[in-house]
Amino acid sequence: MTDIKNLPHGGRLIDLCVDEDRTSLLKKITKDLPDITMNDRQMCDLELIANGSFSPLAGFMTQKDYEPVLDRMMLENQLVWPLPVCLDINETTARNLEAGQSIALRDPEGFLLAVMHVEDIWPIDKNREAEKIYASTDASHFGVDFLFHSTGDYYVGGPVEVISLPMHSDFKQLRMTPSEARNLYKKLGWQRVVGFQSQKIIHRPEFEITISAMREARANLLLMPVVGMTHPDNFDHYTRVNCYREAGRNYPPETHVLNLLSHSPRNAGLREALLHAVISKNYGCSHHILEQVDDLPNGNKKSTKPIAHKKLLEFSENYGEQIGISVMAYDKMVYLPFEDEYRQKHKIPRGSKTIVFTGQDIRDRIRTGRKMPEWASFPEIINCIQKAYPPPSKQGFTLFLTGLSGAGKSTIARVLYSKMMEIGNRPVSLLDGDIVRHHLSSELTFSKEHRDINVRRIGFVAQEITKNRGIAICAPIAPYARTRREIRDMIAVHGGFIVVHVSTPIEECERRDRKGMYAKARAGLIKGYTGVDDPYEIPEFPEIRIDTSDITPDEAAQQVLLYLGQKGFI
Ligand code: ADP
């Protein structure tokens with residue numbers, strides 16, 4: 001008899017991949033079906049639904065499941081389920097679809113992944129979803145921002161038949177499905193396994209937690225780094241997985257298995273933590289490690305505070321029982337320098353001297369080239385991160401000069417280009433407005449939409465240059481805060497991103513009117529000119545702000561060079 005504890009969530013491990021006959025039949029019918037091109041988040045979800053990580057889901061949620069998930073963290077059938085796993089579509093697609101139809105789900109290259117049989121389509125109440133899931137509608141939170149700005153306005157729900165799982169060409173040997181993992185435990189003779197899933201790298205505190213959980217549960221360890229979409233603040237997944245491999249050497253031999261999880265994190269606090277427990281359950285774990293989480297998701301930095309350990313324990317016990325897995329709640333690990341050891345925060349006597357390093361502290365230290373104390377991590381892991389994220393003097397960086405036309409961006413950019421070439425330790429590219437327009441964007445007009453596309457293209461090229469450790473000097477007007485933020489998110493993961501707001505007031509720019517454009521705009525000959533009849537959204541927190549009204553171009557460039565020197569880039 002199978003012990004209920006060993007069964008997947010809901011009693012059945014889902015496998016939605018169809019056999020060859022069904023595949024050829026589906027391929028034939030898809031020729032006449034409407035298509036949906038899936039984004040990265042949706043492909044991660046599809047993979048986890050298809051391979052049984054999200055058992056008992058057998059497709060994207062219908063509204064009958066979605067509503068109780070929002071309200072009570074439960075599916076329609078009363079099984080615990082904390083987060084919506086829905087397929088979002090835009091309004092045009094929604095209007096052309098109806099229940100009973102089938103649709104072809106494709107990857108961005110057009111490759112057929114699955115067929116979905118539509119059961120329902122409904123408009124998303126995004127404010128409600130944000131409040132329920134993130135307890136906030138503040139788009140400074142990663143998950144809220146994704147919901148409001150990168151999610152379509154409708155959901156479409158229904159079962160899927162999977163023809164091909166999304167392809168991965170990296171770390172193929174580290175990608176087991178839940179049923180493969182279960183078979184492996186059998187082969188290894190493992191009856192008790194504790195699951196640990198994290199977007200973070202394993203430093204000392206995480207290592208201490210996993211070792212302590214293994215001992216307490218008398219279990220082996222399933223280490224699952226989360227490698228779906230990477231949060232812009234985080235290290236790339238190649239580096240993280242390499243660090244997990246290094247961390248693996250610190251465990252006793254043959255006591256752990258490393259397996260990647262293509263989950264796209266929502267950063268949804270306890271709800272997200274609970275989803276990980278469900279995934280562990282499906283991966284055949286008897287135990288699951290729940291790390292300390294904030295009461296509100298972590299994008300909401302101002303108002304977050306850690307959940308009291310007692311509350312976390314109650315939560316783990318209650319939901320663990322319902323899911324059928326022992327959830328082991330761990331408090332924040334803090335370091336006691338005098339004792340030279342880690343302990344859970346609530347176990348430390350009042351008044352003890354402690355030090356805490358958050359994941360963010362570690363990332364900041366690495367990125368700014370500061371040393372890591374020995375107690376915080378392992379030398380091999382730090383080495384591994386430093387190879388991918390060298391100190392600023394060896395990083396690439398982007399200087400992003402933004403401001404009104406005539407503010408002085410190009411002039412300063414040219415001076416900076418010469419200075420960087422003089423220094424001569426990195427390749428330098430100048431992505432000035434006119435040059436970019438000529439080579440990359442010659443078909444674009446100066447409409448609002450096209451100007452935004454142009455800035456994104458500049459951002460893309462600058463990202464590649466920064467990634468390859470060169471210097472990109474960009475000088476677009478880039479009037480919209482949202483586009484600038486998008487570009488920062490793209491580039492800052494690869495190196496330095498320095499916004500230089502050339503803040504010369506419009507009166508001075510207009511007085512200069514180098515190209516006679518302000519005169520034309522004032523005369524109504526050109527429309528949508530930034531500063532005249534289109535807004536320039538002033539950067540709130542640029543790294544540098546320079547008003548060139550009363551200084552020379554060399555003095556302006558000097559301010560940038562001093563900043564770069566101070567931050568260790570040159
Ligand atoms: P933008 O690229 O912002 O449209 P440009 O650099 O093409 O602006 O033009 C700025 C004009 O202002 C040039 O004629 C430049 O000589 C003049 N200028 C005066 N002082 C400065 C300064 N400190 N920095 C940059 N440009 C300056």
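Starting from 1, each residue takes its place in the sequence as its number. Order of appearance sets the numbers: ligands from 1, and atoms from 1 within every ligand.
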Kindly assign one of parallel, tilted or perpendicular to the pair F357 and W375, based on the angle between their ring planes and the thresholds 30° and 60°. tilted

Contacts under 3.5 angstrom, residues 495-508 side chains, donor-acceptor by atom type, not counting sequence neighbours:
unit_1 : atom_1 : unit_2 : atom_2 : d
H501   : ND1    : R545   : NH1    : 2.8
S503   : OG     : I546   : O      : 3.3
T504   : OG1    : A407   : O      : 2.8
T504   : OG1    : T548   : N      : 3.2
T504   : OG1    : T548   : OG1    : 2.7
E508   : OE1    : R511   : NE     : 3.1
E508   : OE1    : R511   : NH2    : 3.2
E508   : OE2    : R511   : NH2    : 2.7
E508   : OE2    : R512   : NE     : 3.1

Using the side chain to side chain donor-acceptor pair (under 3.5 Å) criterion, which residues pair with D432? Sequence neighbours excluded. S410

Per-ligand residue contacts, ligand 1, heavy-atom threshold under 4.0 Å: L404, S405, G406, A407, G408, K409, S410, T411, I412, R512, R514, T548, I551, T552, P553

Checking Y480 now: which residues fulfil ring pair (Phe, Tyr, Trp, His ring centres under 6.0 Å) with it, not counting sequence neighbours? none

Should the pair H263 and F54 be assigned to parallel (<30°), tilted (30 to 60°) or perpendicular (>60°) ring geometry? perpendicular

Go through the side-chain N and O atoms of T239 and N242 and say whether any donor and acceptor fall under 3.5 Å apart. no

